[in-house]
Amino acid sequence: MTDAPPRKANRTGFLESDRVRTVDLPQDGRLLAITKSIESAMKAGQSAAIRRACADFFAATSQFYRVPNCGVRVLAARPLRVRENWATELFGDYAPETMLIRVWMRTAVRKEITSFGTFLSTLCHEFCHHLDYQQFGFPDSWHTRGFYERTATLYHHARGTPPKRLFWVPVAGGRWRIDWPHTNRGW
Ligand SMILES: [Zn+2]
């Protein structure tokens, strides 16, 4: 589900974020090599190796997009206290003022372990927040259709899976949600 469009002041940035549906991608397998090592470290339950591979992932993406490197903390479980004034996703967050990404391996309540796919998608999602501020220069990082499509582009490239076109349906308040049956069908 996308965020509702903001009031006047930030509308231009919001529309731009909604309009830009893709990101440039490295023309080599550098991200895939790193995500493979994240996957095998997760399978083996080696937290030091997971942390190292996540740091490699953000070093490689930050270098490719020519933005300052963001910090990363890989946490075992979701913190009980999450940042105020900042949207916290189920498995991660990003603080624009410190450029710090936090991701966690388990949800707070049900203690479920994150799957590799969800974990990688969280890394890509939080990194796209970083790009919104550091590359696009947006005053805020909205969850627009463009944001989700940029994230999906990066995710599929980094995972080595075919890109998937997202289909959207409008909902109340100028928001959109992904039509999953349509998206999974692909046409
Ligand atoms: Zn987000």
Side-chain angles (χ1 to χ4, degrees), residues 1-26 31 57-58 60-73 78-79 81-104 107 117-159 161-187:
M1 180 88 86
T2 64
D3 294 334
R7 295 180 194 283
K8 237 179 187 165
N10 287 332
R11 225 177 160 93
T12 311
F14 182 91
L15 292 175
E16 174 77 359
S17 168
D18 193 55
R19 192 181 60 77
V20 180
R21 301 290 171 103
T22 191
V23 285
D24 290 337
L25 296 168
L31 297 185
F57 181 78
F58 291 125
T61 47
S62 295
Q63 187 196 40
F64 176 75
Y65 294 103
R66 297 168 190 219
V67 292
N69 200 353
C70 51
V72 59
R73 298 273 178 282
R78 180 176 173 162
R81 289 174 65 92
V82 294
R83 292 172 199 287
E84 284 168 39
N85 309 319
W86 187 243
T88 297
E89 271 83 36
L90 197 50
F91 293 108
D93 64 9
Y94 172 73
E97 66 282 1
T98 53
M99 301 194 296
L100 180 67
I101 286 172
R102 300 191 305 179
V103 285
W104 35 91
T107 54
T118 302
F119 189 74
L120 179 58
S121 133
T122 303
L123 297 182
C124 295
H125 181 111
E126 303 307 337
F127 183 76
C128 283
H129 281 312
H130 182 55
L131 279 187
D132 272 5
Y133 291 99
Q134 296 300 324
Q135 189 187 49
F136 292 97
F138 295 144
D140 200 345
S141 181
W142 310 272
H143 298 105
T144 59
R145 287 176 297 175
F147 178 87
Y148 285 116
E149 298 202 12
R150 295 193 294 277
T151 301
T153 302
L154 179 61
Y155 169 83
H156 285 294
H157 172 80
R159 199 174 179 181
T161 47
K164 207 180 239 185
R165 179 179 163 196
L166 301 180
F167 290 87
W168 297 93
V169 266
V171 289
R175 302 168 81 188
W176 297 82
R177 68 169 174 80
I178 295 174
D179 179 347
W180 280 113
H182 199 171
T183 296
N184 289 331
R185 198 165 65 231
W187 47 272

Around atom [atom1] of [X], are there more than 12 heavy atoms of other residues, nucleotides or ligands at under 6.0 Å?
X	atom1	value
Arg185	CZ	yes
Gln135	CD	yes
Asn184	CG	yes

Stepwise side-chain contact (heavy atoms from CB on, under 4.5 Å) test for Tyr94 and His125:
CA-CA 9 Å; Tyr94 172 73; His125 181 111; over 6 Å; no
Between CZ on residue Phe14 and OG on residue Ser141, distance to nearest 0.5 Å
11.0 Å
What residues, two or more places apart in sequence or in another chain, satisfy ring pair (Phe, Tyr, Trp, His ring centres under 6.0 Å) together with His156?
none
Counting only N and O atoms by type, is there a donor-acceptor contact under 3.5 Å from the side chain of [X] to the main-chain atoms of [Y]?
X	Y	value
Tyr65	Asp24	yes
Arg165	Gly186	no
Arg175	Thr2	yes

Before giving the answer on side-chain contact (heavy atoms from CB on, under 4.5 Å), spell out for Leu166 and Arg145 the whole-Å C-alpha distance, their side-chain angles and the decisive distance to 0.1 Å.
CA-CA 9 Å; Leu166 301 180; Arg145 287 176 297 175; over 6 Å; no
Mind listing the closest non-hydrogen atom pair of Cys70 and Phe127 along with its distance?
SG-CD1, 4.2 Å
Parallel, tilted or perpendicular, judged at 30° and 60°: which one describes the rings of Phe147 and His143?
perpendicular
In terms of ring plane angle, is the pair Phe167 and His182 parallel, tilted or perpendicular, where the classes change at 30° and 60°?
parallel
